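Contents: one structure, followed by commentary.
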Amino acid sequence: MIETCLFPAAGYGTRFLPATKAMPKEMLPILTKPLIQYGVEEALNAGCRTMAIVTGRGKRSIEDHFDISYELEHQIKDTSKENLLTEIRNIMETATFSYTRQKEMRGLGHAILTGETLVRHNPFAVILADDLCYNDNVGVLTQMMKIYEKFRCCVVAIEEVNNDEVHKYGVIAANEVEDGVYKVYDMIEKPKKEEAPSNLAIIGRYILTPDIFNILRTTKPGINGELQITDALLELAKLGRVIGYKFKGIRYDCGSIDGFVRATNDFYQRMNQ
Ligand code: G1P
């Protein structure tokens, strides 16, 4: 039902310097797959067929990754290595990729607004590839689609975090309406511990309705001088049109070295099980 998944992928990935000096952070691999490929697979499993990627300077390898590499394919044709490309070939056959560039890094809200040209007037999903989500059965975005089908409004994935960590996230205030499903009435981007309305943090999965674009156009820059998606969503939350969903599964914060290493270890163990 939701055709497009947007991937904001223009950020610099400074926490991984120097690895990310000439390489997009979304291309950092967990085992043999780049982070963004995990995100694309999750979106495909949730029924999205169009991957709309907001890139920036120095991100061309993302486009190349989801394209044919004639020399390579020719070299490994009919060898035992060919099966290593099966997954990525399937993705390329099933999904369509479209790209637009964000010229200045002015926050997640700005990245999403830049993607409007790819999404147009339809509800859409958003995946932040450095939040790598794992569920061995039903993917997190698939879980969220079910919530969207029921409530027909914006859905944000949430997770309980330690009080010392709330300053890293968008944090919600909400009433639980069903097990794990919350009606959001307030949200704050990166609050101080003392100011956080709860310890329910938004993680990098959203389903957004297209009215978010008009709101983003008039939203003032928020914390860190950036246009925040959390601030724009607050307008819809005040109208009762944002659901927080406590997803089932594990999230790895692969934007941090700790989370990245944990994901690598866990995926390696699963591979050998
Ligand atoms: C962004 C959002 C924040 C959210 C987080 C999830 O922050 O602005 O609300 O909690 O992603 O990863 P960033 O990590 O880009 O600073």
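Note that ligands are numbered from 1 as they come in the structure, with each ligand's atoms numbered from 1 the same way. From a predicted model like this one, the values you see are computed outputs, not experimental measurements. Sequence positions, counted from 1, serve as the residue numbers for this chain.
- Neither the backbone nor the side chain of D253 comes within 4.0 Å of ligand 1, counting heavy atoms alone.
- Below 3.5 Å of separation, one finds an N or O of D131 facing an N or O of ligand 1.
- Ring planes of Y38 and F267: perpendicular class, angle over 60° (limits at 30 and 60°).
- Ligand 1 has an N or O atom lying under 3.5 Å from an N or O atom of E189, backbone or side chain.
- Q269 and Q273 form no side-chain donor-acceptor contact under 3.5 Å, judged by distance and modelled atom types alone.
- A salt bridge links E178 with K150: the distance from a Lys NZ or Arg NE/NH1/NH2 to an Asp or Glu carboxylate oxygen falls below 4.0 Å.
- Closest protein heavy atom to atom 11 (O) of ligand 1: L128 CD1, 3.4 Å.
- Ion pairing between E3 and R120 fails under the 4.0 Å rule for side-chain N and carboxylate O.
- Of the protein's heavy atoms, at least one falls inside 4.0 Å of atom 8 (O) of ligand 1.
- Given atom 1 (C) of ligand 1, the protein heavy atom at minimum distance is L108 CD2, 3.9 Å.
- Looking only at protein heavy atoms, the nearest one to atom 15 (O) of ligand 1 is K190 NZ, 4.7 Å.
- Between I229 and ligand 1, no N or O atom pair is found at a separation short of 3.5 Å.
- Salt-bridge annotation for D266 and R262: absent, with no side-chain N of the basic residue lying under 4.0 Å from a carboxylate O of the acidic one.
- Those atoms of ligand 1 with a heavy atom of T230 less than 4.0 angstrom away are 9 (O).
- Ring-centre distance between F124 and F213: below the 6.0 Å cut-off.
- Not a single N or O atom of I203, backbone or side chain, sits closer than 3.5 Å to an N or O atom of ligand 1.
- None of K33, R251, R205 except one satisfies the salt bridge (Lys or Arg N to Asp or Glu O under 4.0 Å) rule with E42; the exception is R205.
- From the protein, the heavy atom lying nearest to atom 10 (O) of ligand 1 is I202 O, 2.6 Å.
- Between R270 and D136 there is no salt bridge, since no side-chain nitrogen of the basic residue lies less than 4.0 Å from a carboxylate oxygen of the acidic one.
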